[in-house]
Amino acid sequence: AKETDQYFVNYRWLGGMLTNWGTISNSIKKLKKLETDLTSENRGFTKKELLKMSVKKDKLQRSLGGIAEMKKVPDLVFIIDTNYESLAIQESVKLGIPIVAILDSNSNPDGIDFPIPGNDDARRSIDLYCNLIKETIISAKKAAPTNETKRSNEKKEKEDKTKTVAEIDRDKLEKKFSKTKEEKLN
């Protein structure tokens, strides 16, 4: 998830993580405040206070670290173990967020929009699913046009609208045959 800049929860799904975003965002603010307090030079805290703060920070980081930068509700939720993460499914269904989930033979498919049959217990199978999702996200990001290409395409469309159909076809043919001539010359 970190390699593809996606949000994740890999420790424990806290109740209300999606539906009670106000409380969760306060906990995220608390986490960020603890991080800044622990990294600042002139802290003015005793060793005991620093130790307690680092324990709190570690606990919050474990629970909320994957969603600390999340600004809005996600567009999709991917769940490995639907039995263990039943709270995540309930909240996603309540908010109308599509769910992609790995369903084992002991899993309930109710509420799952895109079920994937498979083993959700073995470490190797979980690694396989995560790698496949990662590769899919990376290839989708590469395939998605950037803003610059969108703008250049819009400019081309505007230019094409002023041309007649015959002129557009002639331009396409010229481009096609000029490429083949260049390839033959090389």
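Hydrogens, waters and symmetry mates play no part in the numbers below; they use all other heavy atoms, side chains included. For clarity, every value in this text was computed on a predicted model and none was experimentally measured.
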With sequence neighbours excluded, tell me which residues meet side chain to side chain donor-acceptor pair (under 3.5 Å) with [X].
X: D121; result: none
X: K141; result: none
X: S107; result: T82

## Note on the structure
In short, side chain to side chain donor-acceptor pair (under 3.5 Å) pairs touching residues 89-103 with sequence neighbours left out are W13-E91
Contacts table for residues 22-30: side-chain donor-acceptor under 3.5 angstrom, sequence neighbours left out:
unit_1: T23; atom_1: OG1; unit_2: N20; atom_2: OD1; d: 3.3
unit_1: T23; atom_1: OG1; unit_2: N20; atom_2: ND2; d: 3.2
unit_1: S25; atom_1: OG; unit_2: W21; atom_2: O; d: 3.1
unit_1: S25; atom_1: OG; unit_2: G22; atom_2: O; d: 2.8
unit_1: N26; atom_1: ND2; unit_2: G22; atom_2: O; d: 3.4
unit_1: S27; atom_1: OG; unit_2: T23; atom_2: O; d: 3.4

### Query
For D110, which residues count as a side-chain contact (heavy atoms from CB on, under 4.5 Å) partner, sequence neighbours excluded?
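Only N108 meet the side-chain contact (heavy atoms from CB on, under 4.5 Å) criterion with D110.
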### Message
Holding to side-chain contact (heavy atoms from CB on, under 4.5 Å), I want the full list of residues that pass it with E49, two or more places apart in sequence or in another chain.
### Response
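Only F45, T46 meet the side-chain contact (heavy atoms from CB on, under 4.5 Å) criterion with E49.
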### Cluster companions of I133 among Ile, Leu, Val, Met, Phe, Trp, Tyr (side-chain spacing under 4.5 Å)
L76, F78, I80, V100, I102, F114, I116, I126, Y129, I137
Can you list everything that forms a salt bridge (charged side-chain N to carboxylate O under 4.0 Å, His left out) with [X]? Sequence neighbours excluded, please.
X: R124; answer: none
X: D75; answer: K72
X: K134; answer: E3

Distance-only criterion, 3.5 Å: show the donor-acceptor pairs between side-chain atoms of residues 51-59 and protein atoms not counting sequence neighbours.
unit_1: S54; atom_1: OG; unit_2: L50; atom_2: O; d: 3.3
unit_1: S54; atom_1: OG; unit_2: L51; atom_2: O; d: 2.8

